[in-house]
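Data block below; observations after.
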Amino acid sequence: MNRHYLSFIKLGQSLAEDRDIPWKMSVDAKGAVSPEERWNLNKLVEDDHPPYYYLRDFGCDAKSLQTLNAQRTCIDAPPVDPFVLSESWQDLIKAATTIQLFSKRNTVNHVANNVIRPLRVIATCAQNKAPWALVNDDVRLAVQVGKAVQASGKLGDQVAGIVKTVLDVYHLTDAGPLYPALADQRLKISQARKAKHIKSEDELRHDLDERKRAERLPERRAFWELIRIVMTEQPKTFVDELRFIGLKTMITTGFRIGENALLPLDWERRREYTNRYGRPAGELGGISSSLMIRHFAEKQQTEGSDSHALVEATQHVPQMFEELISEALGRAAELTAPLRSTLRRQAETGRLLPWFERDDIVPITELYPYLSGNPFWAQLPGDVYAYWLGRYKDGFDASVFDTLRRVQLDEYFSPTGGRLDMAAYQYFIRLGKAMSACNIFYRRCDGSAIPPGTRMRWSGAFLHVGELENYLRDNVPTKVSDLAPFKLADGELQPWELLLLHPKRSLVEERNGGLCDVTRYMAVNVPDPSFLAYALTQKQESETLFARYGLTEEDRNLALTSHSLRHLQNTELFRLGVADTIISKRFNRRSVAQSYEYDHRSLAEELDTMELPMEVEFALGEKATTVAKMIASGKAHGPIVDAFKRIQATEGDTAAFEYLKAEADGFHATPYGHCLNSFTVDPCPKHLECFSGCRHLSATNLPEQRAALIRLEGKLATALELAESRPSKSIGRKNQIAHATERLGGVRKILAAQEGEHPFPDGPDLSKTQKRGVMDV
């Protein structure tokens with residue numbers, strides 16, 4: 001145990017002690033923490049909004065252990081049995097949790113998914129080895145297992161991230177830092193390599209059109225199927241229509257899924273444009289008015305700010321999408337108005353059933369829609385039931401429920417006597433049994449209790465509203481609406497001020513194919529990212545929109561990552577030639593560099609945004625035009641570029657383009673960057689060892705080339721270390737060390753260079769023959 005680990009644990013304990021959070025937790029044989037001692041992370045930071053995250057499991061990570069054992073089986077190693085994390089690992093996880101929540105002030109979502117779980121994965125793969133005893137092999141194995149657990153590789157990246165930001169930053173391991181051993185593992189790109197001279201013309205053209213990091217973009221078929229669904233399909237449920245609206249907004253705005261879920265009711269902002277005389281700009285050839293969306297932008301916190309406070313921002317809506325956005329969000333406000341009214345009444349009164357007084361004795365048939373959401377409590381003929389289903393789903397008109405209630409009252413209290421719907425009958429039976437365990441019983445109309453086991457007519461059964469509310473609040477938390485306000489920089493946002501409110505656990509509609517009476521149902525949910533995420537990505541407990549509305553079996557098995565829509569819009573804006581500053585402002589970014597992380601254009605698309613005069617393009621031809629655009633964009637360097645610029649400055653554009661047309665074959669893409677040296681007559685004198693100081697090389701920072709350079713750096717460093725470890729003092733050893741040192745320095749210079757930069761501006765011009773002696777001419 002080292003002193004850095006001890007100080008880290010003491011810091012975590014002091015943060016917990018200052019907030020009266022009990023540090024000790026009792027765990028069972030599987031590592032589960034008792035319900036009384038588990039940490040509700042939301043409550044610890046006074047962020048009482050779903051989804052809720054807990055620190056309640058100190059067992060090994062089950063999926064990681066399964067993957068680890070599968071790998072051990074392949075090498076004939078015995079499997080690892082499930083185990084409880086050691087006390088040192090438990091303390092590390094608790095300390096990391098408190099430091100991230102209270103010192104770093106990160107969100108509970110980040111702490112649960114990016115801190116707690118990756119630490120459990122490392123502990124699982126290290127088989128409970130003490131945290132301070134971890135070595136490179138332990139964390140490399142954890143990253144490898146994490147990448148195997150999730151097909152996207154995200155868990156592996158989270159493991160590498162926690163090694164860098166916790167284990168290394170706080171010096172918790174004796175063998176640290178450990179992260180450098182993971183860098184090449186994270187960037188490794190496995191691809192089948194094929195020499196260009198044996199590729200077909202179609203394959204070569206495909207390489208030019210291949211997008212950078214295309215895996216971050218939505219799969220083409222899934223994207224267009226999603227467009228078809230949300231734009232043309234008739235939603236089958238009330239919640240699905242809200243999802244359609246949310247996804248339309250995400251597609252057109254590129255909002256993050258959390259930003260989209262928390263859209264406010266007061267979203268619309270207008271800006272008017274006039275000249276200095278007050279005349280509308282539209283009359284002068286401009287735009288008189290523009291629409292903006294008020295929203296709460298994520299990732300806007302500064303050092304020391306509260307990560308739980310919402311940050312208000314606005315985004316301009318392109319004119320072509322104004323009608324779509326206005327119609328969609330206006331429709332959402334109309335649909336959710338009854339739920340908003342319910343939520344506001346509950347918050348202002350502190351009651352669960354504010355439609356009644358606390359001392360009221362109310363028939364259970366009247367309370368049934370409020371408790372379950374199901375508007376059908378009286379038995380109706382099948383054709384009548386189907387009629388009301390279709391009538392509501394045709395437009396989700398909430399006024400239908402009042403009419404339906406009157407029809408059921410007439411049917412149930414008719415002279416012939418009506419009967420309860422079977423679903424309502426079973427609900428009352430289960431509710432009675434559950435309440436009797438808490439000494440709450442059905443009552444008669446005079447308020448007297450009906451003893452258990454007494455035969456009664458359901459039309460004569462009542463409940464005391466105050467007793468019912470107490471029972472629901474204490475025993476059925478899923479029936480309690482989300483009433484906690486959200487923090488703002490300068491106040492609070494009440495939950496009823498959000499737009500995409502929806503019924504909480506609307507099983508009668510979502511699972512059973514019925515209806516949910518949004519005018520009476522008492523449980524209202526404030527939307528969270530899962531509301532839209534589960535509609536796109538298959539989860540065990542939910543059905544995606546693809547599965548529900550897909551036309552074919554293949555369509556129904558599609559899935560899509562919500563964040564890929566943001567990557568797609570960013571890329572399309574770049575492709576259409578929008579300035580990077582405007583793109584960065586649109587997505588609430590602090591630097592232009594962040595926008596380029598979302599740029600997945602192919603080289604062909606990047607060059608398409610460059611404009612040359614039409615007559616010049618025709619004169620140059622395709623390849624020379626490509627080189628001219630790369631020169632104009634600053635992505636190419638070398639003797640051809642220098643000569644082109646010199647001729648352009650002294651003799652004009654025409655002469656420069658004529659020179660370029662003749663020398664255009666000098667453009668090459670190497671594994672280390674771009675080269676602009678013509679090898680028409682002689683091959684490369686360095687045999688493509690561009691990293692040895694060639695002045696013709698220009699850096700690109702493409703992921704594939706960086707990965708190649710990182711692998712080469714590792715090999716050269718290993719070779720240099722091996723040469724230096726030899727005891728020999730021969731000339732051969734010195735030459736070997738000098739050779740490796742020179743090339744290792746060159747590789748590191750390329751890695752440090754910015755895109756388009758010339759790493760070796762003073763290197764030798766290898767396009768010129770070097771005279772070595774008196775016999776050279």
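Numbering starts at 1 and runs along the sequence shown. Hydrogens, waters and symmetry mates play no part in the numbers below; they use all other heavy atoms, side chains included.
Counted within 6.0 Å of CD on Q66, heavy atoms from surrounding residues, nucleotides or ligands total 12 or fewer; the atom is thus considered open. Within a 6.0 Å sphere centred on NZ of K104, other residues, nucleotides and ligands contribute 12 heavy atoms or fewer. Within 6.0 Å of NZ on K236 lie more than 12 heavy atoms contributed by other residues, nucleotides or ligands.
Separating the CZ atom in F58 from the CG atom in D28 is a distance of 12.0 Å, to the nearest 0.5 Å.
The backbone N or O of T478 sits nowhere less than 3.5 Å from a side-chain atom of R505 that would complete a donor-acceptor pair. Checked by atom type and distance alone, the side chain of H563 never pairs as donor or acceptor with a backbone atom of R256 at under 3.5 Å. Q315 places no side-chain N or O within donor-acceptor distance of the main-chain N or O of F587, the cut-off being under 3.5 Å.
Checked against the 6.0 Å centroid criterion, the rings of F486 and F296 do not qualify as a close aromatic pair.
Look at D157 and K147 and you find a salt bridge, because one of the NZ, NE, NH1 or NH2 atoms lies within 4.0 Å of a carboxylate O, short of that distance. The existence of a salt bridge linking R243 and D240 is confirmed by a sub-4.0 Å separation between a basic side-chain nitrogen and an acidic carboxylate oxygen. D57 and R38 are not joined by a salt bridge, as no carboxylate oxygen comes within less than 4.0 angstrom of a charged side-chain nitrogen.
For the pair R556 and F546, the NZ or CZ position fails the cation-pi test of under 6.0 Å to the six-membered ring centre and within 45 degrees of the ring normal. Both tests do not hold together for R216 against Y598: distance to the six-membered ring centre under 6.0 Å, angle to the ring axis within 45°.
Across all non-hydrogen atoms, the minimal contact from L709 to L751 is CB-CD2, 3.7 Å. Shortest non-hydrogen contact noted between P495 and L501 is O-CD2, 3.6 Å. Of all heavy-atom pairs between V121 and A142, the closest is CG1-O, 4.0 Å. The two residues K248 and A328 have their closest heavy-atom pair at CD-CB, 4.5 Å.
In summary, the side chains of S88 and D91 do not present any donor paired with an acceptor at a separation below 3.5 Å, with no hydrogens or angles considered.
S595 pairs with exactly one of R589, K585, R586 by the side chain to side chain donor-acceptor pair (under 3.5 Å) rule, that one being R589.
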